[in-house]
Amino acid sequence: VLAFVSNVYAPCQIAQYYIFLTQMQEKISSTFSVNNTQSTLKSLQILRAIAATSVVYYHIGFDRYRYESAGGIPIFGAFGVDVFFVISGFVMAMIVANGESPRTFAVSRITRIVPLYWVVTVLLFFLVSIKPELLNATVANPTHLIKSLFFIPYSKSNGQIFPMLSVGWTLNYEMFFYLCIWLSIVVARKHFMLVTLFLITTTYILTSEYSKNYVLNSVFGNSLLFEFAFGMLAYQAHQRGVLEKIGNVPLVIISLASYVFMAYAAAYNVKADRALIFGLPSIALILSVTSLENSTFIRNTRIASLVAT
C-alpha cells in the first residue's frame, strides 16, 4: 500500500485525477433543466461512474510485465475517455434538442468547466515554479499557461501534447466540440447535428490531410473527434427506441459484451483505429444501458442509485 501511494499516486497525480473526475462529473452530468422542469437519465450517471472508474483503474499503472507473466493483472480502462466522449455527444444532442438557447448553452458549458480548471491550472503553474522537480515535462512557461487556460493544444519538451494539467487534454476536445455545437445552433438549430458533423469532418480532413503542423495534425486530425458524433447518433437512436423492444436480458448482454470487448482489446493491445475499436462499442454500451432506464434494476435498486450519485 505504501509503495502504491508513494510511487503511483504522488500528491500532484492525486490532484490531477481528482480534477479529471470532477470535471467529467459536471460536464457529462445528465441532469439538465428545460422550461423549469428536471429530467434525469440515471442510466447515464451510471455509465459516467463506470467510465470514471475505468480511467482510474488504468491510471493506477499496473506494470504490464506483471500481466504478461503468470498471475498478472490485465491493464485496461483508458477507453473510459472514449465512453465519456460518446456520452458527451449524447448529452449535448439531448440538451440542444430540448431547446437550450445558444447563450445559455455557452454560459452553462463555460461555467461548468472553466473556473475550477483555471484555478487548478494556475495553482499547478505556481507549484512548478517553486518545485519544478515534481513534474517531468511540465514547466512554468507563461506561454504554456495561457495556452492551457484557453484550451489551445501545444507540444511539451518530451513531444507529448498535453496542457499543464495533463489530464486536461480531454477538455481540449470537449471545448472544440462545444464550439461546434454552439456554432451549429446559431447557424441552423433545426439541423444542428448535420452542421456539427460537417464542422467536425471538415476540421478532421483539413488537419489530417493538409496541415503540416504536428500539434494540429495530432489533435484535430485524430479520429477521436468523431466519437462526439457517435454520441449524437446514439441519442437519435435512443429517441427512436431502437433497442427498447428487445427485452432487458438481451440489453444487459449487449452492455456487458460491449464493455468486455473494449477491455479485451485494451488489455491485449489490439491494433485498430481507436474511434472504431472503442467508439463504436461505446455506442452499443450507451444505447443498451439507456434503454434499461425504466428497468427495475436501474430505477429501484440501491446499488444503481448509489452508483448514479
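Values in this document were obtained by computation on a predicted structure and should not be read as measured data. Numbers for residues simply follow the sequence, beginning at 1.
Counting heavy atoms from C-beta outward, F176 and T203 have side chains that approach closer than 4.5 Å. Put simply, the side chain of L171 reaches to within 4.5 Å of the side chain of Y117, judged on heavy atoms. At a threshold of 4.5 Å between non-hydrogen side-chain atoms, the residues N217 and N213 do not count as touching. Contact annotation: the side chain of T143 approaches that of K147 to within less than 4.5 Å [non-hydrogen atoms, C-beta and beyond]. When side chains are defined from C-beta on, F151 does not count as touching E174, because their heavy atoms never get closer than 4.5 Å. Using a 4.5 Å heavy-atom cutoff, the side chains of I283 and L280 are in contact. Contact check for V122 versus L149: side-chain heavy atoms found under the 4.5 Å cut-off. Counting heavy atoms from C-beta outward, R48 and Q45 have side chains that approach closer than 4.5 Å.
Partners of F230 by ring pair (Phe, Tyr, Trp, His ring centres under 6.0 Å), not counting sequence neighbours: none found. Here I277 pairs with F261, A265, V270, A272 under the side chain to side chain contact (heavy atoms under 4.5 Å, CB included) rule; sequence neighbours left out. With sequence neighbours excluded, no residue satisfies ring pair (Phe, Tyr, Trp, His ring centres under 6.0 Å) with Y214. Under the ring pair (Phe, Tyr, Trp, His ring centres under 6.0 Å) criterion, F79 pairs with Y259, F278, sequence neighbours left out.
Between L243 and S288 the shortest heavy-atom distance is CD1-N, 3.9 Å. Annotation for T138 and V128: closest pair O-CG1, 3.3 Å, computed over non-hydrogen atoms. Across all their heavy atoms, F177 and I200 have their closest contact at CD1-CD1, 4.2 Å. S43 and T290 make their closest contact through OG-CA, 3.4 Å (heavy atoms, listed as atom of the first residue, atom of the second, distance). The two residues S108 and T111 make their nearest non-hydrogen contact at O-OG1, 3.2 Å. Minimum interatomic distance between Y57 and F76 (heavy atoms only, all atoms of both residues): CD2-O, 3.0 Å.
L287 CG to L292 CG: the interatomic distance, rounded to the nearest 0.5 Å, is 11.0 Å. The distance from atom CG of L251 to atom CG of L256, rounded to the nearest 0.5 Å, is 11.0 Å. One finds the CD1 atom of I46 at 7.0 Å from the CD1 atom of I50 (value rounded to the nearest 0.5 Å). Taken to the nearest 0.5 Å, the SG atom of C180 stands 13.5 Å off from the CE atom of M92. Here the CG atom belonging to N222 is positioned 12.5 Å from the CG atom belonging to L216, to the nearest 0.5 angstrom. Atom CD1 in I146 sits 10.5 Å away from atom CE in M164 (nearest 0.5 Å).
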Please walk me through it: do V91 and L44 pass side chain to side chain contact (heavy atoms under 4.5 Å, CB included)? CA-CA 9 Å; V91 172; L44 282 184; 3.7 Å; yes
Give the C-alpha distance, both sets of side-chain angles, the deciding distance and a yes or no for side chain to side chain contact (heavy atoms under 4.5 Å, CB included) between M262 and D82. CA-CA 10 Å; M262 290 188 287; D82 303 83; 5.9 Å; no
Given F150 and W118, is the ring pair (Phe, Tyr, Trp, His ring centres under 6.0 Å) satisfied, shown in steps? CA-CA 9 Å; F150 290 95; W118 276 21; 5.4 Å; yes
Between E100 and R109, does a salt bridge (charged side-chain N to carboxylate O under 4.0 Å, His left out) hold up when you go through it step by step? CA-CA 12 Å; E100 190 160 283; R109 305 286 78 72; 3.3 Å; yes
Under the side chain to side chain contact (heavy atoms under 4.5 Å, CB included) rule, what do Y210 and I205 come out as? Steps first, then yes or no, please. CA-CA 7 Å; Y210 300 104; I205 292 174; 4.1 Å; yes
Passes side chain to side chain contact (heavy atoms under 4.5 Å, CB included), E293 versus K42? Steps please. CA-CA 7 Å; E293 177 70 23; K42 186 183 290 186; 3.9 Å; yes
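Between the side chains of S258 and S255, no donor-acceptor pair is found at a separation under 3.5 Å. Side chains of S223 and D273: a donor-acceptor N/O pair is present below 3.5 angstrom, by distance only.
Under a 3.5 Å cut-off, the side chain of W169 and the backbone N or O of P163 do not form any donor-acceptor pair. Not a single donor-acceptor pair under 3.5 Å links the side chain of S54 to the backbone N or O of G77. The main-chain N or O of S208 is never found under 3.5 Å from a side-chain atom of S211 such that the two would form a donor-acceptor pair. Between the side chain of S88 and the backbone N or O of F84, no donor-acceptor pair lies under 3.5 Å. Checking side-chain atoms of T196 against main-chain N and O of S184 turns up no donor-acceptor pair under 3.5 Å. Judged by distance alone, the side chain of Q160 and the main-chain N or O of S155 form no donor-acceptor pair under 3.5 Å. Under the 3.5 Å distance criterion, the side-chain polar atoms of T121 are left unmatched by any main-chain donor or acceptor of L165. Of the possible donor and acceptor atoms, one in the side chain of N98 sits under 3.5 Å from a partner among the backbone N and O of M94.
Aromatic pair F226/Y204: ring centres closer than 6.0 Å. Aromatic rings of F192 and W182 (six-membered ring for Trp) have centroids beyond the 6.0 Å cut-off, not under it.
One hydrophobic cluster holds both L224 and L276 under the rule that ILVMFWY side chains link at heavy-atom gaps under 4.5 Å. Under a hydrophobic clustering in which Ile, Leu, Val, Met, Phe, Trp and Tyr are joined whenever their side-chain heavy atoms come within less than 4.5 Å, directly or via other members, V186 and L194 fall into different clusters. Hydrophobic clustering (ILVMFWY, side-chain heavy atoms < 4.5 Å, transitive): L197 and F220 are in distinct clusters. One hydrophobic cluster holds both V120 and F126 under the rule that ILVMFWY side chains link at heavy-atom gaps under 4.5 Å. Hydrophobic clustering keeps I254 apart from L233 (ILVMFWY residues linked when any side-chain heavy atoms are closer than 4.5 Å, directly or through intermediates).
Residue pairs meeting the ring pair (Phe, Tyr, Trp, His ring centres under 6.0 Å) criterion with at least one partner in residues 88-107, sequence neighbours excluded, are F90-Y235, F90-H238. Counting only residues at least two apart or in different chains, salt bridge (Lys or Arg N to Asp or Glu O under 4.0 Å) contacts with residues 227-246 are absent.
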